Asks: 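Sharing a structure, written as structure tokens. Questions coming.
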Amino acid sequence: MKFGKLVDKAWEDKSAAEILAAPPSALEGLTEKHDQVLAGLGIKTVADLGNWKYAQRAAALVALGPLDK
């Protein structure tokens, strides 16, 4: 699978498993400074970030937002 602009250029040819195990800075737009801040919240990998309950809640609200009319 090609992840294109979802991940930093250095991670474009990696597998999903490798990216999920990578630090959050593997994602496009995040830096090692973000890794440090997120580590303070117990988030050390891309998988941790995706499974973080607050990120999941925010994603759910974004998905449901257009339906709330």
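Every heavy atom of this structure was used, including side-chain atoms; hydrogens, water molecules and symmetry mates were not. The shown structure was predicted, so the numbers you read here are calculated from the model rather than taken from an experiment.
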Asks: List the atom of P66, the atom of V62, and the distance in Å for their closest heavy-atom pair.
Replies: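 Result for this residue pair: CD-O, 3.3 Å.
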
Asks: Write out all pairs satisfying ring pair (Phe, Tyr, Trp, His ring centres under 6.0 Å) with one or both partners inside residues 13-45, taking only residues at least two apart or from two chains.
Replies: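 Found none.
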
Asks: Going by ring pair (Phe, Tyr, Trp, His ring centres under 6.0 Å), name the pairs with one or both residues in residues 6-29, residues two or more places apart or in two chains.
Replies: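 For residues 6-29, and leaving out neighbouring residues, there are no ring pair (Phe, Tyr, Trp, His ring centres under 6.0 Å) pairs at all.
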
Asks: Considering residues at least two apart in sequence or located in another chain, which fulfil the side chain to side chain donor-acceptor pair (under 3.5 Å) criterion with E18?
Replies: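 Applying side chain to side chain donor-acceptor pair (under 3.5 Å) to E18 gives S15.
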
Asks: Can you find a pair of side-chain heavy atoms, one from V7 and one from E28, that are under 4.5 Å apart?
Replies: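 Of all side-chain heavy-atom pairs linking E28 with V7, none is under 4.5 Å.
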
Asks: Quick one: hydrophobic cluster around L64, which other residues, with the 4.5 Å side-chain cut-off, linked directly or via members?
Replies: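 L64 clusters with L67.
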
Asks: Can you tell if the side chain of L27 reaches within under 4.5 Å of the side chain of V46, non-hydrogen atoms only?
Replies: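 Yes. Closest side-chain heavy atoms under 4.5 Å.
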
Asks: Working to the nearest 0.5 angstrom, can you tell me the gap between L38 CG and I43 CD1?
Replies: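 If I round to the nearest 0.5 Å, the distance is 5.0 Å.
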
Asks: Report yes or no: do L30 and V37 belong to one cluster of Ile/Leu/Val/Met/Phe/Trp/Tyr joined by side chain heavy-atom distances under 4.5 Å?
Replies: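 L30 does not cluster with V37.
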
Asks: Taking side chain to side chain contact (heavy atoms under 4.5 Å, CB included) as the test, write out the residues that go with D35, two or more places apart.
Replies: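 D35 satisfies side chain to side chain contact (heavy atoms under 4.5 Å, CB included) with P23, P24, S25, E32 only.
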
Asks: Report, one line per pair, each donor and acceptor closer than 3.5 Å where one atom sits in a side chain of residues 51-59; sequence neighbours left out.
Replies:
residue, atom, partner, partner atom, Å
N51, ND2, A47, O, 3.1

Asks: To the closest 0.5 Å, what do you measure between CG (D13) and NZ (K2)?
Replies: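 D13 atom CG to K2 atom NZ measures 9.5 Å (nearest 0.5 Å).
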
